[in-house]
Amino acid sequence: SCRGRRFANNSTGLKCKCRKNGVIMDATQALSKSIEVKRAALAIAGGAPLSDNFVAMKTTPTPSTPRHTCECGGALERRPGVVLGGRIVGGGWQVRCDACQARARRDAAAADLRRRRREWVGRRRAGINRCLPILLRAARLGGVDPTVRARLMSLPKHKGAFLYGPPGVGKSWAAAALARWRILRGQTVRRVVCDDLFRAVRETYSRGYTGPSEGCIIESLRRPDVLVIEDMGTGVSRNAQESDFNVRILLAILDNRIENMKVTLVTSNKSPVELGRSYDARIEDRLYQGCEVMPMKGRSLRRLQKGRS
């Protein structure tokens with residue numbers, strides 16, 4: 001079909017030989033029909049309206065574009081498309097106005113922030129539940145003796161604490177409160193009772209044992225950023241001597257943590273000097289090197305709580 005282009009600049013009104021649906025159209029009718037088809041195709045593709053290149057010819061007027069509004073009542077804009085490979089890609093009317101799109105982006109950002117906050121709280125809560133027993137999960141630094149709390153909070157970055165004193169004065173509570181405080185700041189914390197550690201290592205030598213090896217148990221206590229060792233030296237009386245096996249296990253853990261500048265919190269009913277007699281002078285020396293010695297005194301909190309109840 002010539003679409004009347006042979007008569008675009010001809011005003012004689014000659015008939016075109018182009019046939020469509022068996023009807024003979026003159027040049028003006030053929031050109032008008034061609035422009036309508038192109039405009040309809042561009043409107044479907046969302047492109048810009050076609051400019052009339054044949055100004056000398058009279059064409060059929062196109063219908064006016066209907067008014068587009070957003071759900072909020074704001075006006076929608078028409079975006080021009082891009083010509084790629086002879087085709088118009090993209091463009092068209094907005095689905096939502098600029099204000100609604102900005103509001104949607106703000107809502108999505110707030111929802112993402114809430115999601116990440118929930119994930120952060122979940123990870124910290126899981127770390128607290130793995131590290132601390134149920135009774136000590138409520139430990140807070142605000143419930144610790146002010147003098148001890150001030151010393152704990154002023155510790156150097158890579159130095160631990162050795163808390164010793166009579167039973168019930170709050171040594172485990174203070175250590176749990178500091179451990180919880182460190183977990184909330186993203187540090188990995190592990191808590192172990194000294195006698196349970198020795199028992200777990202001895203079980204690795206029993207016949208038919210299929211659990212983790214001695215090396216794996218010791219390595220699991222070397223990796224955490226903070227290690228809490230509860231009740232060191234309480235398995236024997238004050239004048240009794242710990243076995244060489246127990247001394248070797250403690251030295252393997254303490255030496256590695258001191259060399260890698262990791263925090264170790266230790267609680268005991270014995271002073272460092274008494275632990276040196278029970279274990280070895282090397283244990284006493286490591287405790288002074290890697291920990292700040294903090295004696296705790298006072299009445300037993302367990303007896304006070306029992307009296308109130």
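Small disclaimer: the values here were computed from a predicted structure and weren't measured.
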side-chain contact (heavy atoms from CB on, under 4.5 Å) assessment of Lys297 paired with Val169: CA-CA 6 Å; Lys297 301 178 181 179; Val169 295; 5.9 Å; no

Identify, with sequence neighbours excluded, every residue that meets side chain to side chain donor-acceptor pair (under 3.5 Å) alongside Arg222. none

Which atom pair, heavy atoms only, marks the closest approach of Ile258 to Gln289? CG2-NE2, 3.5 Å

Do Met153 and Leu163 land in one hydrophobic cluster if side-chain heavy atoms of ILVMFWY residues count as linked below 4.5 Å? yes

Could you note down all residue pairs passing side-chain hydrogen bond (donor to acceptor under 3.5 Å, both in side chains) where residues 166-175 supplies at least one of them, sequence neighbours left out? Ser172-Glu230

Measuring only between side-chain heavy atoms, which start at C-beta, is Arg257 closer than 4.5 Å to Pro224? yes

Heavy atoms only: give me the nearest Asp195-Gly235 pair and the separation to one decimal. OD2-CA, 3.4 Å

I'd like a table of donor-acceptor pairs (distance under 3.5 Å, sequence neighbours excluded) in which one partner is a side-chain atom from residues 175-182, with atom names and distances.
residue : atom : partner : partner atom : Å
Arg182  : NH1  : Gln187  : OE1          : 3.4

Residues that, via side-chain heavy atoms closer than 4.5 angstrom, fall in one hydrophobic cluster with Val236: none

Quick one: do Arg286 and Asp255 make a salt bridge, cutoff under 4.0 Å? yes

Please list all pairs meeting ring pair (Phe, Tyr, Trp, His ring centres under 6.0 Å) that have one or both residues in residues 243-301, counting only residues at least two apart or in different chains. none

Can you name the salt bridge (Lys or Arg N to Asp or Glu O under 4.0 Å) partners of Asp244, sequence neighbours left out? none

Ile134 CD1: over 12 foreign heavy atoms closer than 6.0 Å: no

Report yes if the side chains of Arg190 and Cys131 come closer than 4.5 Å at any heavy-atom pair, otherwise no. no

Indicate if Val121 and Leu113 have the same hydrophobic cluster label, given that clusters are the connected sets of ILVMFWY residues with side-chain heavy-atom separations under 4.5 angstrom. no

When rounded to the nearest 0.5 Å, the distance separating CG of Asn246 from CD1 of Ile283 is 9.5 Å

Heavy atoms, side chains only, cut-off 4.5 Å: are Leu287 and Val266 in contact? yes

Any side-chain hydrogen bond (donor to acceptor under 3.5 Å, both in side chains) pairs touching residues 140-167, not counting sequence neighbours? Arg151-Glu292

Which heavy atom in Val263 sits nearest to a heavy atom in Gly160, and how many Å separate them? CG1-CA, 3.8 Å

For residues Pro166 and Gly298, report the shortest heavy-atom separation together with the two atoms involved. CG-O, 4.4 Å

Please examine the side chains of Ile218 and Leu221, heavy atoms only from C-beta on, and report whether any two atoms are closer than 4.5 Å. no

Would you say Ser268 and Asp231 make side-chain contact, with heavy atoms under 4.5 Å? no

Step by step, would you call Thr264 with Ile229 a side-chain contact (heavy atoms from CB on, under 4.5 Å)? CA-CA 8 Å; Thr264 305; Ile229 302 178; 4.2 Å; yes

Is any side-chain heavy atom of Leu227 closer than 4.5 Å to a side-chain heavy atom of Arg191? no

Give the intermediate values and the outcome of side-chain hydrogen bond (donor to acceptor under 3.5 Å, both in side chains) for residues Asn256 and Arg223. CA-CA 9 Å; Asn256 183 271; Arg223 282 197 302 266; over 6 Å; no

Pairs where residues 112-121 contributes a residue and the test salt bridge (Lys or Arg N to Asp or Glu O under 4.0 Å) is met, not counting sequence neighbours: Asp112-Arg115, Asp112-Arg116, Arg115-Glu119

So if you build clusters from Ile, Leu, Val, Met, Phe, Trp, Tyr with side-chain heavy-atom gaps below 4.5 Å, do Leu136 and Val193 land together? no

Given side chains that start at C-beta, do those of Val189 and Asp225 come closer than 4.5 Å, heavy atoms only? no

Measuring from atom CD of Glu214 to atom CD of Glu219, what distance do you get when rounded to the nearest 0.5 angstrom? 12.5 Å

For residues 123-130, please give each side-chain donor-acceptor pair under 3.5 Å, one per line with the distance, not counting sequence neighbours.
residue : atom : partner : partner atom : Å
Arg124  : NE   : Ile183  : O            : 3.4
Asn129  : ND2  : Arg125  : O            : 3.3

Transitively linked via ILVMFWY side-chain contacts under 4.5 Å: Phe198 with Val247? yes

Run the side-chain contact (heavy atoms from CB on, under 4.5 Å) test on Leu275 and Phe162 for me, step by step, so that the C-alpha distance in whole Å, both residues' side-chain angles and the decisive distance to 0.1 Å come before the verdict. CA-CA 12 Å; Leu275 287 178; Phe162 178 77; 3.5 Å; yes

Ile217 versus Pro212, closest heavy-atom pair with distance: CD1-O, 4.1 Å

Taken in chain and number order and not counting sequence neighbours, the residues that satisfy salt bridge (Lys or Arg N to Asp or Glu O under 4.0 Å) with Glu274 are Arg238

Nearest heavy-atom approach of Ser278 to Lys270 is OG-NZ, 3.0 Å

In chain order, what residues pass the salt bridge (Lys or Arg N to Asp or Glu O under 4.0 Å) check against Asp280, with sequence neighbours excluded? Arg282

Group every Ile, Leu, Val, Met, Phe, Trp and Tyr by side-chain heavy-atom contacts under 4.5 Å, then state whether Val148 and Val228 land in the same group. yes

Exercise answer: donor-acceptor pairs, residues 99-107 side-chain atoms, under 3.5 Å, sequence neighbours excluded:
residue : atom : partner : partner atom : Å
Gln101  : NE2  : Arg96   : O            : 2.9

A side-chain contact here means heavy atoms from C-beta on lying under 4.5 Å apart; do Cys97 and Leu76 qualify? yes

